[in-house]
Amino acid sequence: MTRALYVGLLVMAATILSMTSQALAAIRTESVFYRQGDAKLIGYLAYDDTLQGLRPGILIVHEWWGLNDYVKRRARQLAGLGYIVLAADIYGNGMIAKDRQEAGKLANLYRGGDRKLLRERVRAGLQRLREHSLTDKARIAAIGYCFGGTTVLELARSGVDLSGVVSFHGTLDTPNPADARPIKAKVLVLNGADDPSVPVAQITAFQEEMRAAKADWQMINYGGAVHSFTNPDSGSDPSKGAAYNVMADMRSWEHMRVFFAELFK
């Protein structure tokens, strides 16, 4: 990326931030307590309290770090677009990993271990969102980042009645591809074309899985983007396998917005 283009993108981002700052000032946020079995879960709710009546609901699932400031910021952004948003707590008690090693262990308990529990945890968050008095129960979608992207795909595979799901740089594999056969939600996968966590074989298997399930699915690959391309905290060195990519971040957000416009028209 040239310096001129980089500066131009920063100016654009600053302009957008300036235009939305007033709207974001109306965003109300609160902690939301709910349970899955014996587990105590602490979600993060955001919505614009100047709007009247029901509005579409968006469930967000966090990266492998847990429900941290990054996903809360995304929740507020979506609330600024007129949605009621619940950032779900998959790990329980609002736990946030202290380092990459702990994050990997926490994520693998669900992603690499107990997918049944993963589905139950995310469905508990979905149910809590459905129960809110401002949620239009006929118009709900779920999005997720990295670990969260994997999670919302599992939510779709569970056959839950949902308008759609969006995976941002999530892995696409599942222990039992046949589980995709009851998919009702439309599926949008936003993927870094050079993400080492999502090899070509995994993409091929996922596409075959979606075709076998007769799912309504889309997949968009962003050239030059690796894992975690939406998160500025991922750094700027793609050779490490995870890095922020401003163009992929902006494009994927817009692709999500177009998808929602289709779902909630």
Side-chain angles (χ1 to χ4, degrees), residues 23 26-37 39-62 67 71-72 74-90 92 116-145 148-168 170 179-190 213-218 253 255-265:
I27 302 304
R28 177 175 176 179
T29 64
E30 58 188 79
S31 295
V32 173
F33 299 88
Y34 61 106
R35 304 190 76 89
Q36 180 272 312
K40 178 181 178 183
L41 309 173
I42 308 174
Y44 179 82
L45 188 76
Y47 61 93
D48 185 340
D49 64 2
T50 67
L51 300 179
Q52 301 297 315
L54 301 179
R55 71 285 311 262
I58 307 295
L59 183 75
I60 304 183
V61 183
H62 53 74
L67 210 171
V71 74
K72 290 179 179 179
R74 292 299 191 182
R76 294 191 296 271
Q77 284 181 301
L78 283 164
L81 296 177
Y83 303 114
I84 179 167
V85 186
L86 177 65
D89 173 21
I90 302 299
K116 181 176 182 292
L117 178 58
L118 179 63
R119 291 183 179 191
E120 290 173 352
R121 286 285 169 90
V122 68
R123 290 184 74 155
L126 177 62
Q127 181 59 32
R128 185 66 182 84
L129 176 61
R130 286 190 193 278
E131 292 170 354
H132 198 281
S133 61
L134 293 177
T135 302
D136 181 345
K137 297 175 178 59
R139 297 190 295 167
I140 302 178
I143 75 171
Y145 295 88
T150 305
T151 302
V152 299
L153 290 177
E154 285 298 309
L155 180 64
R157 288 173 174 124
S158 74
V160 70
D161 189 9
L162 199 64
S163 297
V165 300
V166 184
S167 169
F168 291 83
D179 281 352
R181 297 192 183 280
I183 282 180
K184 299 175 184 177
K186 295 182 179 180
V187 176
L188 174 61
V189 171
L190 304 172
K214 294 180 170 34
D216 184 337
W217 65 280
Q218 306 171 57
W253 186 258
H255 284 134
M256 176 204 70
R257 291 184 63 173
V258 170
F259 184 64
F260 285 169
E262 174 189 329
L263 295 182
F264 303 138
K265 62 185 177 181

Query raised in the report: Counting heavy atoms not belonging to Lys40, are there more than 12 under 6.0 Å from its NZ?
Result: no
Query - Heavy atoms from other residues, nucleotides or ligands near CD of Glu30 exceed 12 (cutoff 6.0 Å) - result: yes
Requested in this report: Carefully, step by step, assess Arg119 and Lys116 under the rule side chain to side chain contact (heavy atoms under 4.5 Å, CB included).
Outcome: CA-CA 5 Å; Arg119 291 183 179 191; Lys116 181 176 182 292; 5.9 Å; no
Euclidean distance, [Y] [atom2] relative to [X] [atom1], rounded to 0.5 Å:
| X | Y | atom1 | atom2 | answer |
| --- | --- | --- | --- | --- |
| Lys72 | Ser31 | NZ | OG | 6.0 Å |
| Leu45 | Leu129 | CG | CG | 7.5 Å |
| Ile84 | Ile140 | CD1 | CD1 | 9.5 Å |
| Leu153 | Leu188 | CG | CG | 10.0 Å |
| Leu190 | Trp253 | CG | CH2 | 11.5 Å |
| Ile143 | Phe259 | CD1 | CZ | 11.0 Å |

Do [X] and [Y] have side chains that get closer than 4.5 Å, going by heavy atoms?
| X | Y | result |
| --- | --- | --- |
| Lys184 | Leu162 | no |
| Met256 | Leu78 | yes |
| Val189 | Trp217 | no |
| Arg74 | Gln77 | yes |
| Arg55 | Leu134 | yes |
| Leu59 | Val122 | yes |

**Report entry** Between Tyr47 and Arg28: side-chain donor-acceptor atoms closer than 3.5 Å
**Finding:** yes
Is it true that a side-chain atom of [X] and a backbone atom of [Y] form a donor plus acceptor pair closer than 3.5 Å?
| X | Y | answer |
| --- | --- | --- |
| Arg121 | Ile90 | yes |
| Lys186 | Gly164 | no |
| Tyr34 | Asp89 | yes |
| Thr135 | Gly57 | no |

Query raised in the report: Step by step, would you call Val166 with Val152 a side chain to side chain contact (heavy atoms under 4.5 Å, CB included)?
Result: CA-CA 7 Å; Val166 184; Val152 299; over 6 Å; no
Minimum heavy-atom distance between [X] and [Y], given as atom pair plus value:
| X | Y | result |
| --- | --- | --- |
| Asp136 | Pro56 | CB-N, 4.3 Å |
| Ser167 | Gly149 | OG-CA, 3.4 Å |
| Gly125 | Leu86 | O-CD2, 3.3 Å |
| Ala75 | Ala46 | O-CB, 3.9 Å |
| Gly80 | Ile27 | N-CD1, 3.6 Å |
| Thr50 | Ala26 | CG2-CB, 3.6 Å |

Query - Test side chain to side chain contact (heavy atoms under 4.5 Å, CB included) applied to Arg139 and Leu54, step by step - result: CA-CA 10 Å; Arg139 297 190 295 167; Leu54 301 179; 6.0 Å; no
Query raised in the report: Is any NZ, NE, NH1 or NH2 atom of the basic residue among Glu120 and Arg123 found under 4.0 Å from an Asp or Glu carboxylate oxygen of the other?
Result: no
Requested in this report: For the residue pair Tyr83 and Phe260, categorise the inter-ring angle as parallel (less than 30°), tilted (30 to 60°) or perpendicular (more than 60°).
Outcome: perpendicular
Query raised in the report: What's the verdict on side chain to side chain donor-acceptor pair (under 3.5 Å) for Arg76 and Tyr44, showing C-alpha distance, side-chain angles and the deciding distance?
Result: CA-CA 10 Å; Arg76 294 191 296 271; Tyr44 179 82; 2.9 Å; yes
